[in-house]
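See below for the structure under consideration.
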Amino acid sequence: MSSELGKMVINGCITKIGKASTGAPCGTDGKLAVFTAESIKKCADTFVGMPLNCTYPDGWFADGTDLFTNHGDMNIGYIRSVEAKDDNLMAEIVVWKDKFPEEAFMIVNGAEALGFSVEWYATQTHEDEENVYMDEFQGAGCAILWKNCAAFSDTFIETLAASRDKKNRSDNSMNEQEKKEIIDSIMAGLDEKLKGYEEKIGEIKASVEKVKGDVDESVKASIEEVKADMEKAKDEFKASVAVPQPKTQEPAKNPFEGGEEKSKEEKIAEINASNMSLADKLHEITKIRYGK
């Protein structure tokens with residue numbers, strides 16, 4: 001196990017030396033790429049310090065790019081050192097396992113099927129009908145991805161945060177104890193991350209309940225206010241339709257007596273006794289009483 005806190009250290013082959021790629025990388029116009037031994041000797045150190053990236057969905061059920069299928073924009077670590085061994089450019093790579101526990105967990109479990117694809121700027125090349133040869137280049141980074149998705153599909157992970165015999169570089173097995181120790185370390189980071197999610201969910205629930213309570217109180221207050229306004233309107237309407245009665249009632253004069261004009265009270269009495277609507281009665285009575 002690595003003694004470096006928060007880091008998972010990978011040792012692996014990130015590209016081949018003097019051997020054509022199994023697929024055509026971007027920028028080679030369909031031709032295969034070859035890193036010459038001279039270019040590796042001269043330029044391999046430019047990979048040091050460059051990022052390790054991968055593709056990763058936004059969530060377990062997210063649509064879009066699948067895990068470890070291409071070069072991605074998620075940087076999960078960096079290349080710490082490189083060394084040419086036989087026809088392999090080997091690298092020591094650091095993954096920030098506490099910051100990216102899900103990715104680290106998947107790397108541990110898929111190590112035997114994973115490889116690498118380097119990223120570089122070609123500054124001097126020559127080519128033939130099939131291949132483009134890198135004479136000089138500037139390293140820009142490296143992606144970790146499934147071997148069958150890499151331009152150099154024969155790259156591999158040699159060791160993963162565990163010390164063991166390196167006689168057979170293609171032997172990618174780890175004993176169960178080593179694998180368990182790595183997974184336990186990564187799971188601790190996952191548990192901490194899940195705990196943080198649970199706390200956030202609790203805060204959101206509390207905020208929702210508070211808002212719900214405030215809304216309920218506001219609605220209740222609005223209903224009471226509307227009820228009060230309705231009662232007030234009813235009282236005002238009742239008052240507006242009440243017809244004032246005269247305090248004294250004088251005997252009605254004979255309507256057939258010659259040419260005498262009827263008094264106000266007589267006219268009002270006739271209106272009250274008529275079949276007029278209440279609104280019309282009010283209108284006519286008002287005209288009599290106030291001359292309008």
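Along the sequence shown, residues are numbered consecutively beginning with 1.
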Find out if a path of hydrophobic residues (ILVMFWY) with successive side-chain heavy-atom gaps under 4.5 Å connects Met8 to Phe105. yes
Which pair of heavy atoms, one from Ala44 and one from Val82, lies closest together, and at what distance? O-CG2, 3.5 Å
Looking at Ala151 and Pro25, what are the two nearest heavy atoms and their distance? CB-CG, 3.9 Å
Go through Leu32 and Glu130 one step at a time and tell me if the side-chain contact (heavy atoms from CB on, under 4.5 Å) criterion holds. CA-CA 6 Å; Leu32 304 181; Glu130 297 181 353; 5.9 Å; no
Rounded distance [0.5 Å steps], CG in Asp154 versus NZ in Lys147: 8.5 Å
Shared hydrophobic cluster, Met50 / Tyr121 (ILVMFWY, side-chain heavy atoms < 4.5 Å): no
Which atom pair, heavy atoms only, marks the closest approach of His71 to Glu119? ND1-OE2, 2.5 Å
Counting only N and O atoms by type, is there a donor-acceptor contact under 3.5 Å from the side chain of Asn53 to the main-chain atoms of Gly72? yes
Taken in chain and number order and not counting sequence neighbours, the residues that satisfy ring-ring contact (aromatic ring centres under 6.0 Å, His included) with Phe116 are none
Considering only NZ, NE, NH1 and NH2 on the basic side and carboxylate oxygens on the acidic side, decide whether Glu284 and Lys287 come within less than 4.0 Å. yes
CG on Asn75 to NZ on Lys99, rounded to 0.5 Å: 9.5 Å
Other residues, nucleotides and ligands only: do more than 12 of their heavy atoms fall within 6.0 Å of CD on Gln124? yes
Check whether any side-chain N or O of Thr46 sits under 3.5 Å from a backbone N or O of Gly139 as a donor-acceptor pair, and report yes or no. yes
What verdict does the side-chain contact (heavy atoms from CB on, under 4.5 Å) test give for Glu103 and Val95, after you've listed the backbone C-alpha separation in whole Å, the side-chain angles of each residue and the deciding distance to 0.1 Å? CA-CA 9 Å; Glu103 292 82 345; Val95 174; 5.9 Å; no
What distance separates Trp146 CH2 from Leu114 CG, expressed to the nearest 0.5 Å? 4.5 Å
Which heavy atom of Ile17 sits nearest to which heavy atom of Ala37, and what is that distance? CG2-CA, 3.8 Å
Side chain to side chain, Val118 and Thr155, heavy atoms closer than 4.5 Å: no
Around atom CG of Asp128, are there more than 12 heavy atoms from other residues, nucleotides or ligands closer than 6.0 Å? yes
Check: Ser274 and Lys281 side chains under 4.5 Å, non-hydrogen atoms: yes
Of the non-hydrogen atoms in Gly6 and Asp98, which two are nearest, and what is the gap between them? CA-OD2, 3.4 Å
Going by heavy atoms in the side chains, are Ile271 and Ile288 under 4.5 Å from each other? yes
Inter-residue atom distance Lys41.NZ - Thr36.OG1, 0.5 Å rounding: 11.5 Å
Give a yes or no on whether the backbone of Thr69 and the side-chain of Thr55 come within a donor-acceptor separation of less than 3.5 Å. yes
Using the rule that Ile, Leu, Val, Met, Phe, Trp and Tyr join whenever any side-chain heavy atoms are under 4.5 Å apart, tell me whether Ile14 and Val48 fall into a single cluster. yes
For the student: nearest non-hydrogen atoms of Tyr133 and Glu127, plus distance: CD1-CA, 4.1 Å
Test item: Asn272 and Ile268 side chains (from C-beta on) under 4.5 Å apart, heavy atoms: yes
Short side-chain to backbone donor-acceptor contact, Thr22 and Ser153, under 3.5 Å: yes
Roughly how far, to the nearest 0.5 Å, is the CD atom of Glu83 from the CG atom of Asn88? 11.0 Å
Would you say Phe100 and Val94 are hydrophobically clustered, going by side-chain heavy atoms of ILVMFWY under 4.5 Å? yes
For the residue pair Glu136 and Ser39, establish whether any side-chain heavy-atom pair is separated by less than 4.5 Å. no
If you measure from CZ on Arg80 to CG on Leu52, what distance do you get to the nearest 0.5 Å? 13.0 Å
Any pair with a residue in residues 7-54 that passes ring-ring contact (aromatic ring centres under 6.0 Å, His included), sequence neighbours left out, goes on the list, sorted by first then second residue, please. Phe35-Trp120, Phe35-Phe137, Phe47-Phe137
